[in-house]
Amino acid sequence: MSRFAYVNGRFVRHGEAAVHIEDRGYQLADGVYEVWAVFDGKLADAEGHFARLWRSLDELRIAHPMSEAALTMVLREAVRRNKVREGLCYLQVTRGVARRDHAFPNPAVLPSVVVTARSLDRAASEAKAAQGASVISVQENRWGRCDIKSIGLLPNALAKQAARERGAIEAWFVDDMGLVTEGASSNAWIVDAEGALRTRDTNANILRGVTRYTLLDVIRESGMVINEKPFTIAEAQAAREAFITGAGSLVTPIVQVDGVQLGDGKPGPVAKRLRALYIERARQKAV
């Protein structure tokens with residue numbers, strides 16, 4: 001847990017941190033968020049996360065709360081104050097505090113900014129990845145702008161709960177065409193029966209995953225071929241391998257889909273190699 005949180009201009013003890021009851025994030029989910037993986041006390045994939053943050057804010061017409069340089073200083077200070085070497089740093093920006101009304105405040109109010117940081121046990125994460133994990137499928141029921149990293153995550157929360165109740169770590173949303181879009185908090189990948197790496201293209205209604213984007217670069221540099229082509233649950237169950245990517249999961253092998261074991265039930269060589277390559281890249285490029 002964070003020991004200190006940044007709330008609207010100052011660091012306070014985590015247990016005393018609070019936002020106003022009429023913050024539009026609390027009342028209307030009118031805000032966005034980003035999560036940086038932290039390696040060696042540094043922010044991974046920083047450039048990609050900032051680019052997506054600014055895009056999400058612009059799409060929702062929320063003012064940028066500060067410059068990138070200033071926000072970087074806040075994030076780094078949150079990591080430092082919480083003594084995080086390996087973990088996550090969370091940022092949330094909402095439209096701000098105003099009398100409850102669906103339309104935007106007029107005149108505009110200052111955005112609200114919250115930052116927390118917490119440590120993760122990387123050794124435990126590696127042990128879980130070495131075993132592999134399972135996913136379930138759920139019907140796609142989210143809004144049509146999943147490209148925006150909105151804090152309105154109720155469908156994702158319900159999907160995650162359904163996964164947990166079935167002993168899985170993730171739920172894959174499946175659209176009306178029977179194709180996997182993405183996970184509740186990750187992007188979905190397979191190595192199909194023919195040996196091709198596949199993941200959904202970002203022209204679909206999915207989040208433009210920053211870990212996904214970095215991994216695509218790693219894949220191309222390693223000489224592997226990637227096909228940004230959707231797949232069904234049946235194709236995933238028949239695949240040689242599967243895995244998920246995200247700031248929290250990094251690259252986590254999947255060995256079971258909707259109760260069907262993939263291959264010999266162990267993480268495959270592609271997923272294991274890509275996890276190692278991604279972590280190496282993330283550590284090298286972290287700022």
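Numbers here are sequence positions counted from 1.
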Review point. Does atom CZ of Arg164 have more than 12 heavy-atom neighbours, drawn from other residues, nucleotides or ligands, at distances under 6.0 Å?
Key: no
Point to revise | Parallel, tilted or perpendicular: ring planes of His64 versus Trp54, cut at 30 and 60 degrees | key: parallel
**Study point:** Check: Arg24 and Val97 side chains under 4.5 Å, non-hydrogen atoms
**Key:** no
Point to revise | From CA spacing to verdict: salt bridge (charged side-chain N to carboxylate O under 4.0 Å, His left out), Glu59, Lys149 | key: CA-CA 10 Å; Glu59 289 293 311; Lys149 201 166 177 65; over 6 Å; no
Practice item. Mind running side-chain hydrogen bond (donor to acceptor under 3.5 Å, both in side chains) on Tyr278 and Glu280 for me, showing each step along the way? Key: CA-CA 5 Å; Tyr278 171 77; Glu280 180 182 10; over 6 Å; no
Exercise for review: Indicate yes or no: at least one non-hydrogen side-chain atom of Val174 is less than 4.5 angstrom from one of Thr232.
Suggested key: no
Check your understanding: Would you say Thr181's side chain and Phe173's backbone share a donor-acceptor pair under 3.5 angstrom?
Key -> yes
Check your understanding: Is the shortest distance from a Lys or Arg side-chain nitrogen in Arg80 or Glu77 to a carboxylate oxygen in the other one below 4.0 Å?
Key -> yes
**Study point:** Electrostatic pair Arg122:Glu86 at N-O distance under 4.0 angstrom
**Key:** yes
Exercise for review: Give the C-alpha distance, both sets of side-chain angles, the deciding distance and a yes or no for ring-ring contact (aromatic ring centres under 6.0 Å, His included) between Trp189 and Phe231.
Suggested key: CA-CA 9 Å; Trp189 305 65; Phe231 53 86; 9.6 Å; no
Review point. Under a 4.0 Å N-O cut-off, is there an ion pair linking Arg166 with Asp258?
Key: yes
Exercise for review: Indicate yes or no for a side-chain donor-acceptor contact from Glu34 to the backbone of Gln92 under 3.5 Å, with no hydrogens or angles considered.
Suggested key: no
Check your understanding: Side chain of Ser119, backbone of Val84: donor and acceptor closer than 3.5 Å?
Key -> no
Check your understanding: Below 4.0 angstrom, N of the basic side chain to O of the carboxylate: do Arg200 and Asp175 qualify?
Key -> yes
Check your understanding: Is there a side-chain contact between His14 and Arg3 (heavy atoms, below 4.5 Å)?
Key -> no
Review point. Hey, is Arg283 close enough to Asp40 for a salt bridge, meaning N to O under 4.0 Å?
Key: yes
Check your understanding: Just wondering, more than 12 heavy atoms not from Arg13 lying within 6.0 Å of its CZ?
Key -> no
Exercise for review: May I ask you to decide if Thr252's main-chain N or O and Ser249's side chain share a donor-acceptor pair within less than 3.5 Å?
Suggested key: no
Exercise for review: Before accepting this row, confirm whether a basic side-chain N of the pair Arg273/Glu241 lies closer than 4.0 Å to the acidic partner's carboxylate O.
Suggested key: no
Check your understanding: Does the ring of Phe104 carry Arg95 above it, NZ/CZ under 6.0 angstrom from centre and within 45° of its axis?
Key -> yes
Point to revise | Donor + acceptor pair across side chains of Ser112, Asp23 (<3.5 Å) | key: yes
Exercise for review: May I ask you to decide if the ring planes of Tyr6 and Phe11 are parallel, tilted or perpendicular, using 30° and 60° as cut-offs?
Suggested key: perpendicular
**Study point:** Salt-bridge present (Glu140, Arg142; N to O < 4.0 Å)
**Key:** yes
**Study point:** Residues, nucleotides or ligands: over 12 heavy atoms within 6.0 Å of Tyr26 OH
**Key:** no
Practice item. Check whether any side-chain heavy atom of Ile148 lies under 4.5 Å from a side-chain heavy atom of Leu60, and answer yes or no. Key: yes
Check your understanding: Any side-chain donor-acceptor pair under 3.5 Å between Asn205 and Glu182?
Key -> no
Check your understanding: If you measure from the Lys or Arg side-chain nitrogens to the Asp or Glu carboxylate oxygens, is any gap between Asp147 and Arg145 under 4.0 Å?
Key -> yes
Review point. Does Glu47 CD have over 12 foreign heavy atoms under 6.0 Å away?
Key: no
Point to revise | Gln27 side-chain N/O to Ala29 backbone N/O, donor-acceptor pair under 3.5 Å | key: no
Review point. Are Arg198 and Glu228 within salt-bridge range, i.e. N to O under 4.0 Å?
Key: no
Point to revise | Geometric cation-pi criterion Arg208 and Tyr213, 6.0 Å radius, 45° cone | key: no
Practice item. Take atom CD1 of Ile226 as the centre, draw a 6.0 Å sphere, and report whether it contains more than 12 heavy atoms from other residues, nucleotides or ligands. Key: yes
Exercise for review: Could you tell me which non-hydrogen atom of Pro253 sits nearest to which non-hydrogen atom of Phe243, and how far apart they are?
Suggested key: CA-CB, 3.9 Å
Practice item. Look only at the side chain of Asp45 and the backbone of Gly48, and say whether a donor-acceptor pair between them is shorter than 3.5 Å. Key: no
